[in-house]
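To start, the structure under review is shown below, and the notes come after it.
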Number of protein chains: 2
Amino acid sequence: MAYRETAQVRARKDGVRVAILEAARALVGQGGFRAAQMTAVAAGAGVATGTIYRYFPTQIELFAEVFRDNSQREVEAMLAATVGDGNCTQRLNRALAMFISRALRNRRLAYALIAEPVDPQVEAERLRYRQAYAMVLEKLVQEGIVSGEFAPQDAHVTATALVGVLGEALLGPLLHSVPTARESVADSIIALCLRAVGAKA
Amino acid sequence: MAYRETAQVRARKDGVRVAILEAARALVGQGGFRAAQMTAVAAGAGVATGTIYRYFPTQIELFAEVFRDNSQREVEAMLAATVGDGNCTQRLNRALAMFISRALRNRRLAYALIAEPVDPQVEAERLRYRQAYAMVLEKLVQEGIVSGEFAPQDAHVTATALVGVLGEALLGPLLHSVPTARESVADSIIALCLRAVGAKA
DNA sequence: TTAAGAAATGAATTTGGATTCAATCCATGG
DNA sequence: CCATGGATTGAATCCAAATTCATTTCTTAA
């Protein structure tokens, strides 16, 4: 028994794992998943390609984790925007604005998360996170219905639909970068969503 | 000059081309684009794989054409639903119902057209057709705004958003086949869309 | 120091389908 | 019937990127 993993080694290994994830994230944020080839990730992380496989069984699992890390952040940001002062309309407004502004701030990453063609297994993560966004919104919509602030409706369908609105309506601004129009598009999207839930004007 | 293409040959070649497209379409409608391998398409069309390449330069171009053929049909169906009697609300209602019912009737195909992970070049077609759906809806929304039937709004953003609603809200029903709930989901989606455009209740 | 076991390396291999192309078949007009 | 040139065939080839693994380099504890 001449070797046993020490805290020191553990720490370095954790560091390597993080470095790989960050390199992948950087590449995805730059050129999407298509730019995150294993050789590129390895180079970015300062390791050999083979090393990646000591930390992630396949590229797809690495991608899935990158996807989750980034999406989780977005879900939490949106959730954070829903708590606090204000009625349901105001809180929904905040949540939508949060999502939109974050997406527009980091467009390449947002595109990768929202619409870039990816492997089916990564697409499955995407689906899961769309449901996560929807759950955040559903709670809020449900609350608004109960309080009489929103129209009676199937809150689940509505929440899912709002996620669709966000994804689709942002696609244009994400792809064709037109700085001028972005602000107004964001306002239009939010206004539409508020009408959709039947928020009192 | 012992050979020149005759009408007879032309006809047979056209037939082969159609057979290839139909075989591809059948496979896509069955198991999505992932099921439409060149060998499978060739087998379905009753030709050798090499023959496909005398009619389509690459698999991707074949897929793109299959995608266009199918999508074009949907756009036209939706457009047809918008013409005729009724106010804008009723016509919009018809258009949405048409899209939804057609998608639910042919779920595997709808999934392939709406959300299946595909090659970027096919994804580009998808984007183009989403814009085509949006244009149909935009016209209608614009008309409703002018007539005072709908709320003032950016008709382009609204139309794009409605396309997003249709895609996202249908994903669930398309994937997890729950016959019972479908009818009510369709109604919920339409109701939400009508609220979104600010149609008078 | 050293033996034992991990971890890292990166060139070589694998892979799963699309794509090619030499050989063969067919249609045409003379 | 023949010569010409297009059409068809499908086994062999290609491809690009992920993945492997024999070798080398570290780490540890005795």
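When reading the values below, keep in mind they use all heavy atoms of this one structure, side chains included, and skip hydrogens, waters and symmetry mates. Residue numbers begin at 1 in each chain, while the letters A, B, ... track the order of the sequences.
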Whole angstrom value for the distance that separates C1' of C/dT19 from CG of B/D119: 15 Å

Interatomic distance where CZ belongs to A/R10 and C1' belongs to C/dA7 [whole Å]: 12 Å

Proximity to the side chain of B/Y53 - top-ranked nucleotide from C/dT20, D/dA7, D/dT9: C/dT20

Sugar-phosphate only, base, or nothing, as touched by B/R12 at under 4.0 Å among non-hydrogen atoms: sugar-phosphate

Shortest non-hydrogen contact between A/A155 and A/Q142, atoms and distance: CB-OE1, 3.3 Å

Residue met sooner reading DNA chain C from 5', once B/Q59 and B/T51 are mapped to nucleotides: B/Q59

Length of the line joining A/R17:CZ and C/dA7:C1', which is rounded to integer Å: 16 Å

Nearest-neighbour nucleotide for the A/Q37 side chain, D/dA18, C/dA8, D/dT8 considered: D/dA18

B/I52 CD1 - D/dT8 C1' separation (whole Å): 12 Å

Closest approach of B/R91 to B/D85 (non-hydrogen atoms, all atoms of both residues): CG-O, 3.6 Å

Nucleotide D/dA7, atom P - distance to CZ of B/F56 in whole Å: 15 Å

Whole angstrom value for the distance that separates P of C/dA18 from CZ of B/F33: 13 Å

Touch class at under 4.0 angstrom, heavy-atom based, for A/T39 against every strand present: nothing

Interatomic distance, A/Q8 CD vs D/dC26 P [rounded to whole Å]: 14 Å

Candidates D/dT9, D/dA7, C/dT19 - which lies nearest the side chain of B/V47: D/dT9

Sidechain N-carboxylate O distance under 4.0 Å for A/R128, A/E125: yes

Short side-chain N/O contact to C/dA7 OP1/OP2 from A/Y55, under 4.0 Å: no

Nearest listed nucleotide, side chain of A/R54, among C/dA7, D/dA7, C/dT9: C/dA7

Salt bridge A/E76-A/R73, side-chain N to carboxylate O under 4.0 Å: no

A/I20 CD1 to C/dA7 P, straight-line distance once rounded to whole Å: 13 Å

Residue A/Q72 excluded, over 12 heavy atoms near CD under 6.0 Å: yes

Short side-chain N/O contact to C/dG10 OP1/OP2 from A/T49, under 4.0 Å: no

From C/dA8, D/dT19, D/dA7, nucleotide with atom closest to B/E5 side chain: D/dA7

